[in-house]
Peer 1: 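Just dropping this structure here.
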Number of protein chains: 2
Amino acid sequence: MDEADGPRGSAGSVAFAPHDHARCRRAAIEDAQAHCKTAGLRLTPVRERVLEILLESHVALGAYDVLRRLTDEGAVPQPPIAYRALDFLVAHGFAHRIEKLNAYVACTAPCERHDPVFMICRDCRAVAELPSAPIARDLEREAARIGFDIGRTVVEAEGLCPSCRVGETA
Amino acid sequence: MDEADGPRGSAGSVAFAPHDHARCRRAAIEDAQAHCKTAGLRLTPVRERVLEILLESHVALGAYDVLRRLTDEGAVPQPPIAYRALDFLVAHGFAHRIEKLNAYVACTAPCERHDPVFMICRDCRAVAELPSAPIARDLEREAARIGFDIGRTVVEAEGLCPSCRVGETA
DNA sequence: ATTAGAGATGTGATGATATAACAATCGAAA
DNA sequence: TTTCGATTGTTATATCATCACATCTCTAAT
């Protein structure tokens, strides 16, 4: 990967590689702010705070993990508070839901519009987000063969990230 | 598809195509019985019954749907009864878990060993199971690029099956 | 400024999915 | 026929997600 590519650069996964994470977070927040302004969406305090919480790492957090963080900061512990913010972030591409974990991660790519591919570490729950173009093509071809009309796709690989492979028992 | 291919033939999805479903069910049960005998696994009455319930159609059933069926037949309504049987069937490849739906379907292919691709109808919840070889290759290549070691994969496309596309509003 | 309407939030309750824990039983093999 | 691991019975609880309805808050039209 070209070192000149930033944390949200185009060369692929950032989650498993050392990177300037402060910049990564800042860029994601600024992207979200800019996109909301352009699109007339309201990045309210709780929505922005939830995005910040997700952006603290590339580890997937459950809705109740997020809620716990919010309540530690004074919010009342009502699940809809977390779910509503997460739903907003997912709906607009600022975060993704990981079906395999029932959990959420911040988006780490300028997510135009096809569902990404995720690589999920089973040890540390870190999630790398990859572009899905080749796999999407394969899926479309298979779907066409059986007359299926694809809406959304879930592509998640569970395994071990580079860090967690180190020292793993054979 | 070659009509000579049976319901568990090699040419791909059977779930969305008209087929001799009685034969389909029978073949799946017999496969399971034979495989358990060979492998020294115990296809106990409740396990076999749960497989039969899943095999009644190609529609995904939740664990509590299965449990309801069992209790209608006299079992006591304890969730572990259903989950244990489902876990057994999934562990040995006689059924699959659909992450997107938190639900289960009977396996419709002689599942040697790579995780299948599923096409899930959002209207009728029918699930077609396809071989995953090309997609698995793509995923492996992407994983190698970032040093990720893939264990299991989840590939699920949600959309509309051929039957449910008919008469769908544009 | 006033206010109507849509979107967002506060709040209590409940629904849906899944597992922990431990006792009792069964079945294959020593 | 005893033993040991796998399976089942049973109670309880954990975890994930949504409903329903009141209230508030922005924004834009008046």
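A note on names: the letters A, B, ... follow the listed sequences, proteins ahead of strands, and every chain is numbered from 1.
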Peer 1: Would you please classify the geometry between the A:F16 ring and the B:F148 ring as parallel, tilted or perpendicular, with 30° and 60° separating the classes?
Peer 2: parallel
Peer 1: Who pairs with B:P77 by side-chain contact (heavy atoms from CB on, under 4.5 Å), at least two apart in sequence or on another chain?
Peer 2: B:T71
Peer 1: Indicate yes or no: does A:R84 engage A:D87 in a salt bridge with an N to O separation below 4.0 Å.
Peer 2: no
Peer 1: To the nearest 0.5 Å, how far apart are CG in A:D138 and CD1 in B:I135?
Peer 2: 5.0 Å
Peer 1: If you walk 5' to 3' along DNA chain C, what is the first nucleotide with an atom under 4.0 Å of a heavy atom in chain A, and what is the last?
Peer 2: C:dA8 to C:dG12
Peer 1: Under 4.0 Å from any heavy atom of chain B: name the first and the last nucleotide of DNA chain D that qualifies, 5' to 3'.
Peer 2: D:dT7 to D:dT11
Peer 1: With sequence neighbours excluded, tell me which residues meet ring pair (Phe, Tyr, Trp, His ring centres under 6.0 Å) with B:Y104.
Peer 2: none
Peer 1: Below 4.0 angstrom, which residues in residues 71-87 of chain A have at least one non-hydrogen atom near DNA chain D?
Peer 2: A:P79, A:P80, A:Y83, A:R84
Peer 1: Evaluate the side-chain proximity of B:V155 to B:S132: yes if any heavy-atom separation is below 4.5 Å, no if none is.
Peer 2: no
Peer 1: Which parts of residues 60-70 of chain B get close to DNA chain C, meaning a heavy atom less than 4.0 angstrom away?
Peer 2: B:Y64
Peer 1: How does the hydrophobic cluster around A:V105 look, that is, which other residues are in it when side-chain heavy atoms under 4.5 Å mark a link?
Peer 2: A:I98, A:L101, A:F118, A:I120, A:V127
Peer 1: Can you list the residues that meet the ring pair (Phe, Tyr, Trp, His ring centres under 6.0 Å) rule with B:F88, with sequence neighbours excluded?
Peer 2: B:H92
Peer 1: Any donor and acceptor pair, going by atom type alone, linking the side chain of A:D115 with main-chain N or O of A:T153 inside 3.5 Å?
Peer 2: yes
Peer 1: Do A:P116 and A:H96 have side chains that approach each other closer than 4.5 Å (heavy atoms only, starting at C-beta)?
Peer 2: yes
Peer 1: Keeping the roles fixed (side chain from B:H19, backbone from B:A17), state whether a donor-acceptor pair exists under 3.5 Å.
Peer 2: yes
Peer 1: Applying side-chain contact (heavy atoms from CB on, under 4.5 Å), name anything that partners B:E99, two or more places apart in sequence or on another chain.
Peer 2: A:E99, A:K100, B:R97, B:V154, B:E156
Peer 1: Between the opening five pairs and the closing five pairs of the helix from C:dA1-D:dT30 to C:dA30-D:dT1, how far apart are the helix axes, to 10°?
Peer 2: 20°
Peer 1: Quick check: on DNA chain C, is the nucleotide nearest B:R42 upstream (toward 5') of the one nearest B:A103, or the reverse? Name the residue that is more 5'.
Peer 2: B:A103
Peer 1: Does a side-chain heavy-atom distance below 4.5 Å link A:L160 with A:C121?
Peer 2: yes
Peer 1: Please list every donor-acceptor pair under 3.5 Å in which a side-chain atom of residues 32-42 of chain B meets a protein atom from a residue at least two apart or in another chain.
Peer 2:
| unit_1 | atom_1 | unit_2 | atom_2 | d |
| --- | --- | --- | --- | --- |
| B:Q33 | NE2 | B:E48 | OE2 | 2.9 |
| B:T38 | OG1 | B:A34 | O | 2.9 |

Peer 1: Return the set of residues passing side-chain contact (heavy atoms from CB on, under 4.5 Å) with B:R49 (not counting sequence neighbours), or none when no residue passes.
Peer 2: B:E52, B:I53, B:E56, B:R69, B:L70, B:E73
